[in-house]
Engineer: 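Here you go, one structure.
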Number of protein chains: 2
Amino acid sequence: MAESKGSTHTKRATYELRQRIVGGALPGGTRLYEVALAEELDISRTPVREAMSRLAEEGLLERARGGGFVVRSFTYRDVIDAIELRGVLEGTAARIAAERGVSADEIRKIRGIVAQIDTCFGAIDSPVDFDRYSELNATFHNLLADLCGSPIIQREIARVKSLPFASPSAFVLGHATSAATHRTLVMAQTQHRAIVDAIESREGARAEALAREHARIARENLETNRNGSDSGQPLPGMALIVD
Amino acid sequence: MAESKGSTHTKRATYELRQRIVGGALPGGTRLYEVALAEELDISRTPVREAMSRLAEEGLLERARGGGFVVRSFTYRDVIDAIELRGVLEGTAARIAAERGVSADEIRKIRGIVAQIDTCFGAIDSPVDFDRYSELNATFHNLLADLCGSPIIQREIARVKSLPFASPSAFVLGHATSAATHRTLVMAQTQHRAIVDAIESREGARAEALAREHARIARENLETNRNGSDSGQPLPGMALIVD
DNA sequence: ATACATCACAATGTATACATTGAGTGACCG
DNA sequence: CGGTCACTCAATGTATACATTGTGATGTAT
């Protein structure tokens, strides 16, 4: 079932397993058995092993002692820490970008994205284009990571963002009441602009503090979503949390 | 040749490949071919693939487009950034430890390590026990990461430290003149004590700043080692740098 | 009842044959 | 001369048989 996408068996298996893990079909702590999965996906053990290997690199699986893989499980505290970590790393990227300086072209480019985000709000009381916001927001965060010009830093940021619940756009989906969400998005956009300003004027400490604080929006949204059940959709990747 | 250690073929191959990479026998950018390596190590392709997969997780290899693996290469700038990153992450661990608080037992334990490091210096003008210092220093940094109590943060710190040149004890080896080294180690030890003090008195910002600055010792040592050739041994992992 | 030895099976580890792909090479044609 | 087609080969992708190992069940002796 669910032949999903991918040209090689390995890619298909990787995709399929990832879907099952973040979707909650394979809860945290579940041990994955090569033979069972191979039969279920109707392929041999070889591509299954390869897929599990890649997912371990991604951070979704852990190698078990004595061989084999286990679905990694996250506590609520882990999610908080992952968001904090993203803030720290994006803050570092912003600080380094400010300290080392970035080209006018790069500033222009990221300002262009910020301007595009503005258009997602539309007129007062008109509905927000969430999908477009989410996509542009992801682009902003990617460009922010690029600004520091350090592959090492970029790589670690990408790593943290690969955890679905720590992604910068995760919070956009689990929106609660329309009014509260609108306020949040406006605040986020203000921070976007301030971060770029700080980088452009070489204010490293300010850029770092702003980017760090910006990540806390995701944390607040997570806490709101967890307490009151006044939310619309569940946040992405919540199935990974065992707590 | 060189059967090295490990119970399974995969472990042996992983160990052997790692040695060749950090030792410079396989320079950055080198493409690894399964068949060639399998013949050379006198095993089949399967454990070779498995070993390469693990080394990719470790960050020593990159998956190439269209399959296969390439030895990851680092520029001098990358090394600087990796050290900076370690400082940022250890700083975060120290700050979180201070903010959330740690048990008296944990403080006692890490203070014990600091006290042991003192004994490596001996009397004035007596030689420093570098091996012991290096080992205890590594223990201190491990305990520091543990203090924050966050598996997510610990994991990322471990990840950065796995790059040989970014390890907290890397600088101890490439020591230059005895007098300069002695000064450096005394300063480092002062910082060790200050970091623990700050964590104990819940001074998060101070703990973070100290840990961040502490990592810069590695950077200074790297720059000294790079410029003047007055150094004794080469720094570990320098073979990875292509520049 | 507990401790320990033994066995059996299930899971991963390994080797290898075969399939597939993709990059390079050469011939052919416009 | 330039382009494109087909061919070739080498490399990875895949399947599968077999080896090995670690764990739990089963038994017995104390």
Side-chain angles (χ1 to χ4, degrees), chain A residues 1-21 25-73, chain B residues 1-21 25-73:
Chain A
M1 58 163 68
E3 283 303 312
S4 45
K5 70 178 180 183
S7 48
T8 71
H9 288 168
T10 296
K11 284 176 185 165
R12 281 205 353 243
T14 306
Y15 179 84
E16 183 67 23
L17 280 177
R18 190 190 294 112
Q19 291 299 103
R20 293 191 189 186
I21 293 168
L26 293 171
T30 306
R31 168 115 188 217
L32 299 184
Y33 296 100
E34 295 177 6
V35 279
L37 284 170
E39 282 171 14
E40 198 169 350
L41 299 172
D42 205 48
I43 53 180
S44 79
R45 282 172 53 207
T46 312
V48 171
R49 273 172 84 92
E50 183 67 21
M52 293 196 295
S53 215
R54 285 166 192 244
L55 291 172
E57 265 179 73
E58 236 174 84
L60 290 179
L61 298 180
E62 276 177 333
R63 290 186 191 271
R65 51 135 196 147
F69 293 86
V70 174
V71 179
R72 196 162 158 211
S73 57
Chain B
M1 60 169 70
E3 284 303 312
S4 47
K5 70 177 179 185
S7 48
T8 71
H9 287 169
T10 296
K11 285 175 186 167
R12 282 205 354 250
T14 306
Y15 178 82
E16 183 68 24
L17 280 177
R18 189 189 295 114
Q19 291 300 101
R20 293 191 189 187
I21 293 167
L26 294 171
T30 306
R31 168 115 188 219
L32 299 185
Y33 296 101
E34 294 177 5
V35 279
L37 284 171
E39 283 171 13
E40 199 169 348
L41 299 173
D42 205 47
I43 54 181
S44 79
R45 282 173 53 206
T46 312
V48 172
R49 273 174 85 93
E50 182 67 21
M52 293 195 296
S53 210
R54 286 165 191 244
L55 291 171
E57 262 179 77
E58 237 174 82
L60 289 180
L61 297 181
E62 277 177 331
R63 288 186 192 273
R65 46 125 196 154
F69 293 85
V70 174
V71 178
R72 196 163 158 212
S73 57

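Quantities reported herein were computed from a predicted structural model and do not represent experimental measurements. Below, read A as the first sequence line, B as the second, and so on, with proteins coming before strands; counting in each chain starts at 1. Every heavy atom of this structure was used, including side-chain atoms; hydrogens, water molecules and symmetry mates were not.
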Engineer: Nearest whole Å is fine: how far is C:dT14 C1' from B:Lys11 NZ?
Structural biologist: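 Roughly 14 Å, once rounded to whole Å.
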Engineer: Once salt bridge (Lys or Arg N to Asp or Glu O under 4.0 Å) is applied, do any residues pair with A:Glu58, and if so which ones, sequence neighbours excluded?
Structural biologist: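 In terms of salt bridge (Lys or Arg N to Asp or Glu O under 4.0 Å), with neighbours along the sequence ignored, A:Glu58 is linked to A:Arg18.
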Engineer: Name all residues meeting the side chain to side chain contact (heavy atoms under 4.5 Å, CB included) criterion together with A:Glu62; count only those two or more places apart in sequence or in a different chain, and write none if there are none.
Structural biologist: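 Result, side chain to side chain contact (heavy atoms under 4.5 Å, CB included) vs A:Glu62: A:Arg72, B:Arg155.
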Engineer: Pull out every protein N or O sitting under 3.5 Å from an N or O of nucleotides 5-13 of chain C, one pair per line with the distance.
Structural biologist:
residue	atom	partner	partner atom	Å
C:dT12	OP1	A:Leu32	O	3.4
C:dT12	OP2	A:Glu34	N	3.3
C:dG13	OP2	A:Arg49	NH1	3.0
C:dG13	OP2	A:Arg49	NH2	3.0
C:dG13	N7	A:Arg45	NH2	3.1
C:dG13	O6	A:Arg45	NH1	2.9

Engineer: Distance check needed: D:dC18 C1' versus B:Ile43 CD1, whole Å only.
Structural biologist: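 It is 17 Å, rounded to the nearest whole Å.
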Engineer: Between D:dA15 and A:Ser44, is there an OP1 or OP2 to side-chain N/O distance shorter than 4.0 Å?
Structural biologist: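 Yes, A:Ser44 has a side-chain N/O under 4.0 Å of OP1/OP2 on D:dA15.
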Engineer: Taking only residues two or more places apart in sequence, or in another chain, which ones meet A:Arg31 in a salt bridge (Lys or Arg N to Asp or Glu O under 4.0 Å)?
Structural biologist: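 Here no residue qualifies.
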Engineer: Would you mind classifying the nucleic acid contact of B:Arg65 as base, sugar-phosphate or nothing, using non-hydrogen atoms under 4.0 angstrom?
Structural biologist: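 If one applies the 4.0 Å heavy-atom cut-off, B:Arg65 turns out to touch the sugar-phosphate alone, with no base involved.
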Engineer: Using the side-chain hydrogen bond (donor to acceptor under 3.5 Å, both in side chains) criterion, which residues pair with B:Thr10? Sequence neighbours excluded.
Structural biologist: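 Partners of B:Thr10 under the side-chain hydrogen bond (donor to acceptor under 3.5 Å, both in side chains) test: none.
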Engineer: Using whole Å, what does the distance between atom P of nucleotide D:dA10 and atom CD of B:Glu39 come to?
Structural biologist: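 Computing the B:Glu39:CD to D:dA10:P distance gives 12 Å.
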Engineer: Would you please name every residue forming a side-chain hydrogen bond (donor to acceptor under 3.5 Å, both in side chains) with A:Thr46, sequence neighbours left out?
Structural biologist: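 With neighbours one apart ignored, the set is empty.
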Engineer: Going from CG on B:Leu55 to CG on B:Leu60, what distance comes out if it is rounded to the nearest 0.5 angstrom?
Structural biologist: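 B:Leu55 atom CG to B:Leu60 atom CG measures 6.0 Å (nearest 0.5 Å).
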